[in-house]
J.: 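Dropping a structure here in structure tokens format, bear with me for questions.
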Amino acid sequence: MFPSRYWREIPQRYRLEAAKCTGCGKVSFPPRSKCPKCGGVEFDEARLPEKGVVKTFTIIRVAPSQFVEQAPYAVGIVELEGGVKITAQIVDCPLEDIKIGQKVRIEFRRLQEDGCSGVICYGYKCVPAL
Amino acid sequence: MRDVAVIGVGLSEWGELWKRSLREIFVDAASAAIADAGVDRIDSMYVGCMSGGLFVGQEHLASLLSDYLGVASIPACRVESACASGGVAFRQGYIEVASGMNDVVLVGGVEKMTDVGGDGATYALATAADQEYEVYHGVTFPGLYAMMANEHMSRFGTTREQLAHVAVKNHRHGAMNPKAQYPFEVTVEGVLKSVLVADPLRILDCSPITDGAAAAVLCPLDMAKKLSKKPIVRVVGSGHSTDSIALHDREDLTELAATKRAAEKAYKMAEVGPAEISFAEVHDCFTIAEICVIEALGLVERGKGGTAAESGLTALGGRIPVNTSGGLKSKGHPVGCTGIAQIVELTEQLRGESGKRQVKGAKRGLAQNMGGTGGSTTVHILEVE
């Protein structure tokens, strides 16, 4: 992971920065230069809501090298309040307890490490919400 | 636009080919297709390849391969659209012949996947997903399709056993295909006991890592009628559509909208509907993929794909045989080559050359080739004159 590639996504990964189209109100995450719904090019800054619902998920048993030590782990598609969907790990609960429709919220966590001397990568994960 | 025919097809050996290089297997397949076509020239060439760079450290493939094929001066172009690279290459060749720009066009596909280890292959394949917003979070390709499977099961009542039946059926077909990488049968019990990769998908739900190449020669229909002594196979429909590559950006996670749109275009062009298709080769990179694809193609109703393999509907002898070659699952899945290999199966079936797995009275075949989790799809319909 080149530092520049990692650094560019920090506003989204650390601060959940999104963009809300001033024309149609659609929220894009990550922000885009052109609204995928109406083609608009002007946006207001927005922050993703932190609460959502698990739409679907899986337990990764055979993991990429930088995630091997975490396996098995859960990854899901979570629909946040307002409708934006994200892919994120679901943590802090037994794997067998994860269900479609479960309420979760976003927390800031360490995600992966690029070897023993590379970038330590942070970002969002989801945890069960009451 | 001119009518276009497929006048020659060829496959290389498939499997884990430690002794063979990418350029060698491509030349094998292309030479076989040229010999089958009986042409003495190639005007132009398209090659589908997903990732020569990551799998064998080689780009600039079209020039390299035209050189090694002995046609170094022709215009040649490599086409990339992840696992749909082959299907898109076929469509580009079709458009070139239909337009009148050139007469004899070779379309090929190649992938040499076993020069890297499992982790290297996982990395290369994952580049077909969104690197920053999917792969970054630890999801793999089996993981993305597993999430589609879980949604399909929860929403439509599709069962774990029904997924297994797709693998059982395709291995039964593949066992009759001398070119298949894994030409043996599996049982539902065997699939359900195989190692979990990403719940609910197990290793026998997944297509393998394969080295392989495929090629087809296209020319105007009139020329084919003069040249060919074999039954003439005509391209009657072509559709191509794209979608977001991030699965989470789709309104509906299991609908495969790009496949649906590409199919609509191909059916319209061919002036037929799903009921008039005799057999289909579809992109079963995972068992759940075949279920979602046959729904998107309209071969079965939405949500009913799960019962198709179990009931025999999509087996040889059923109403609409799917993946008579063994599919990606049993025949193998050299990613950028797959779309052309599907055309090879369609052409051989339509000519009546498929031996034990021949679809009786095959008149019209459909090939659906998909990149990533459905971010790109081509659908082609071929008909025998």
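Numbered from 1 within each chain, the chains take letters A, B, ... in sequence-line order.
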J.: Among A:Ala63, A:Pro30, A:Gly83, which residue forms the greatest number of heavy-atom pairs with chain B at distances under 4.5 Å?
T.: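 Max contact count across the listed options: A:Pro30.
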J.: Hey, what do you get for CE (B:Met147) to OG1 (A:Thr58), rounding to the nearest 0.5 Å?
T.: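 Interatomic distance, B:Met147 CE to A:Thr58 OG1, rounded to 0.5 Å: 7.0 Å.
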J.: Is it the side chain or the backbone of A:Ile100 that comes within 4.5 Å of chain B heavy atoms, both, or neither?
T.: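 When you check distances to chain B, only side chain atoms of A:Ile100 fall under 4.5 Å.
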J.: Can you tell if the side chain of B:Gln131 reaches within under 4.5 Å of the side chain of A:Arg5, non-hydrogen atoms only?
T.: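 With C-beta onward as the side chain, the pair touches.
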J.: Using 30° and 60° as the class limits, which term best fits the ring planes of A:Tyr6 and B:Tyr136: parallel, tilted or perpendicular?
T.: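 Taking B:Tyr136 first and then A:Tyr6, their aromatic rings sit tilted (interplane angle of 30° to 60°).
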J.: Given the options A:Ile86, A:Val78, A:Val68, A:Val84, which has more heavy-atom pairs under 4.5 Å with chain B than any of the others?
T.: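 So the answer, after comparing A:Ile86, A:Val78, A:Val68, A:Val84, is A:Ile86.
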J.: Within the distance-only criterion (no hydrogens, no angle test), does the side chain of A:Tyr73 pair as donor or acceptor with the backbone N or O of B:Gly138 below 3.5 angstrom?
T.: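 Present.
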J.: Please look at A:Arg13 and chain B and tell me whether the side chain, the backbone, both or neither of the residue comes under 4.5 angstrom of a heavy atom of that chain.
T.: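 Interface part for A:Arg13: side chain.
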J.: Which atoms of A:Lys125 come close to chain B, meaning under 4.5 Å heavy atom to heavy atom: side chain ones, backbone ones, both, or neither?
T.: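 Contact with chain B is absent: no heavy atom of A:Lys125 under 4.5 Å.
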J.: side-chain contact (heavy atoms from CB on, under 4.5 Å) between A:Val62 and B:Thr140: does it pass, once the steps are laid out?
T.: CA-CA 8 Å; A:Val62 179; B:Thr140 56; over 6 Å; no
J.: Nearest 0.5 Å, please: how far is CD1 in A:Ile77 from CZ in B:Arg250?
T.: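 Taking CZ in B:Arg250 and CD1 in A:Ile77, the distance rounds to 9.0 Å.
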J.: Enter the distance from A:Ile60:CD1 to B:Leu144:CG here, rounded to the nearest 0.5 Å.
T.: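 Taking CD1 in A:Ile60 and CG in B:Leu144, the distance rounds to 7.5 Å.
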J.: Hey, are B:His137 and A:Thr87 close enough side-chain-wise for a donor-acceptor pair under 3.5 Å?
T.: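 B:His137 and A:Thr87 do not have a side-chain donor-acceptor pair below 3.5 Å.
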J.: Could you tell me whether the side chain of B:Asp199 reaches within less than 4.5 Å of the side chain of A:Arg61, counting heavy atoms only?
T.: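 In short, these two side chains touch, coming nearer than 4.5 Å.
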